[in-house]
Amino acid sequence: MSVNRAPSNFSATLSSPTLENVYARDDNTQNLSLNLENSEDLPVYNAKEDPENDPDVILARLLKLGESAWTVEEEKTVRRKTDWRFMIWACCMFFSLELDRANISNVLTTNFLENLHITTQTYNLGQTLFLICFLVMEIPSQMIIRYFGPEVWIPVMMSGWGIDRSGYLATRALLGVCEGGFIPGLVLYLSSFYKSHELAIRFSWILGCIFLHRYRMKNVNGWYDWQWLFLLEGILTTVIGLATTVILPSVRKKHISRVYTPREVAILRAKVILDDDSKISGLERGRHLHIDIKTILLSLFDRYLLLTIPASALCIICMLIVSKCSDKFKVRWIFPVIASLWLIPNLIALIALPDNANRWARFVPLTLIVGYPYFHPIMIAWISQNSNDHERRAISAAWYSIFVQCGARIAGSNIYQARDKPFYRVGNSALIGIATANALTAIATKIWYTYSNRQRARMLDNMTPEDYEDYKLNTKDLGNKRADFKLYT
């Protein structure tokens, strides 16, 4: 007997005619049940008056019949509505995060430190406090999200990014507290709306917003450039955060959003549950200011920052392509290898260029290096797929974010040293080593996952049907430790 995934048994109980979905999972049996108790009494889709238009009734029927209960076109319609309803605002939310997180980097080219009488040591201390608070809040934030739901906690965090603050060190610490946990929380939220193989390309849409904050202000109306920047981003992030409390819907509510018909609500939930039944628990339920707008808008761009646009555009395009290919072919491991093979020759070319080489000769490999196929969204989707448990998915996403931040902000900040400038050959050599290690790690992961899947398949093949039923009912293995769970590669 060869089994890749344990079949899930679904049952539905209507204890009251107008009851909201609360999903329950039996940890011992791994069977899934749909408990429709304790609902808020809503006038729409009253099951007693019109049971055929009640999302709960439809969902129970779809879970029993499986994916054959709806057409491919119906699922495409649901996915398209979900993209328009959720993904556009998710991109706005992530843009708000990057706007708030990157403003300190943008003002370093101004007189920010001199105006505030801050030394470089104080600036570095502030960045360290930010990172510590950011990392410390990752897992506690997931616990809060697990209790209140991402649609409640994410807007609270976002509103905190733009509040009025005083004191540089206090500002950085508070910002780290408010931002910690946002990314894994957003990952957890979106995974409740999409199948596993639909996530990578959508994460790439969101991460594309990283490159949309390259701007710079100028002194206007007696205010420093950095004051304008902080003022405008504070207003914008606060507005987005407050708007999120209204716009961001909860998948745990009965009707989710008015853009869906009752049947589409049921299809949305059913397709996610049937794709990954571990997600079922996540479905439970002052002075006058004369502002010269033209002057401000024309001052947003800096000629040096404009040179980064080709690399940023290339990175976004490559990221979208590899993420789409990863989802389409349902393969993850090969793309970190492709990225490494992209980076290594360009890094070698950059190192080999003589000191007197034409600056545009350096611009080409530098643009290709910065514009490499960014596989971060693929890794997020890979981790989400292989969690196979709602609680593990939240914690694994938080741990992944911690390691990413440590690598990017701690290790990455020390790659290029002052003694190595202006061409940083030692630092680029270190990047070659990191890229090589990255490719080897991806290959080793593929080999290990393949070996583990063969071991699990062999174990299942040696079971009789009775042994397999006993294993499903009595095993203490959870999540991706179960023998009938196939690790995604």
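All figures in this text were calculated on a predicted structure; none of them were measured in a lab. Heavy atoms only: backbone and side chains are in, while hydrogens, waters and symmetry mates are out. One-based numbering along the sequence shown.
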Report summary line: Residues passing the side-chain contact (heavy atoms from CB on, under 4.5 Å) test with S323, sequence neighbours excluded, are A200, I201, S204, M319, P377, I378
Query raised in the report: Is any side-chain heavy atom of V370 less than 4.5 Å from a side-chain heavy atom of L366?
Result: no
Query raised in the report: CG of D484 to OG1 of T475: how many Å apart, nearest 0.5 Å?
Result: 8.0 Å
Query raised in the report: When rounded to the nearest 0.5 angstrom, what is the spacing between CD1 in I348 and CG in L343?
Result: 11.0 Å
Query raised in the report: What are the two closest heavy atoms between S196 and D275, and how far apart are they?
Result: N-OD2, 2.8 Å
Query - Nearest atoms (heavy-atom pairs only) where L199 meets S191 - result: CD2-CA, 4.1 Å
Report task. Could you tell me the separation between the CZ atom of F193 and the NZ atom of K271, rounded to the nearest 0.5 Å? Result -> 10.0 Å
Report task. Could you pull out the closest heavy-atom pair between R482 and R456, with the gap in Å? Result -> O-NH1, 2.9 Å
**Report entry** Geometric class of the W360/F363 ring pair [parallel <30°, tilted 30-60°, perpendicular >60°]
**Finding:** perpendicular
Query raised in the report: Taking the side chain as C-beta and beyond, is there a heavy-atom pair between W382 and W333 under 4.5 Å?
Result: yes
Report task. Working to the nearest 0.5 Å, report the span between CZ of F485 and OG of S452. Result -> 10.0 Å
Query - Side-chain heavy atoms of R425 within contact of D355, under 4.5 Å - result: yes
Query raised in the report: Do you know the tightest heavy-atom contact between P354 and R362?
Result: O-NH2, 2.6 Å
Requested in this report: Starting at CD1 of I344, measure out to CD1 of I369 and round the result to the nearest 0.5 Å.
Outcome: 11.0 Å
Query raised in the report: Does the side chain of K446 reach to within under 4.5 Å of the side chain of T450, using non-hydrogen atoms?
Result: yes
Query raised in the report: Can you say whether the rings of Y374 and Y372 are parallel (under 30°), tilted (30 to 60°) or perpendicular (over 60°)?
Result: perpendicular
Report task. Please name the pair of heavy atoms, one in L314 and one in L368, separated by the smallest distance, quoted to 0.1 Å. Result -> CD2-CD2, 3.9 Å
Report task. Heavy atoms only: give me the nearest C318-P373 pair and the separation to one decimal. Result -> CB-CA, 3.7 Å
**Report entry** side chain to side chain contact (heavy atoms under 4.5 Å, CB included) between I247 and R85, intermediate numbers included
**Finding:** CA-CA 9 Å; I247 295 176; R85 180 62 181 82; 3.8 Å; yes
Query - Side chain proximity check, W89 to I240, heavy atoms < 4.5 angstrom - result: yes
Report task. Please tell me if the side chains of M137 and F182 come closer than 4.5 Å, counting only heavy atoms from C-beta onward. Result -> no
Query raised in the report: Does any non-hydrogen side-chain atom of R332 lie less than 4.5 Å from one of F375?
Result: no
Requested in this report: Measure the OG1-OH distance between T77 and Y260 for me, rounded to the nearest 0.5 Å.
Outcome: 11.0 Å
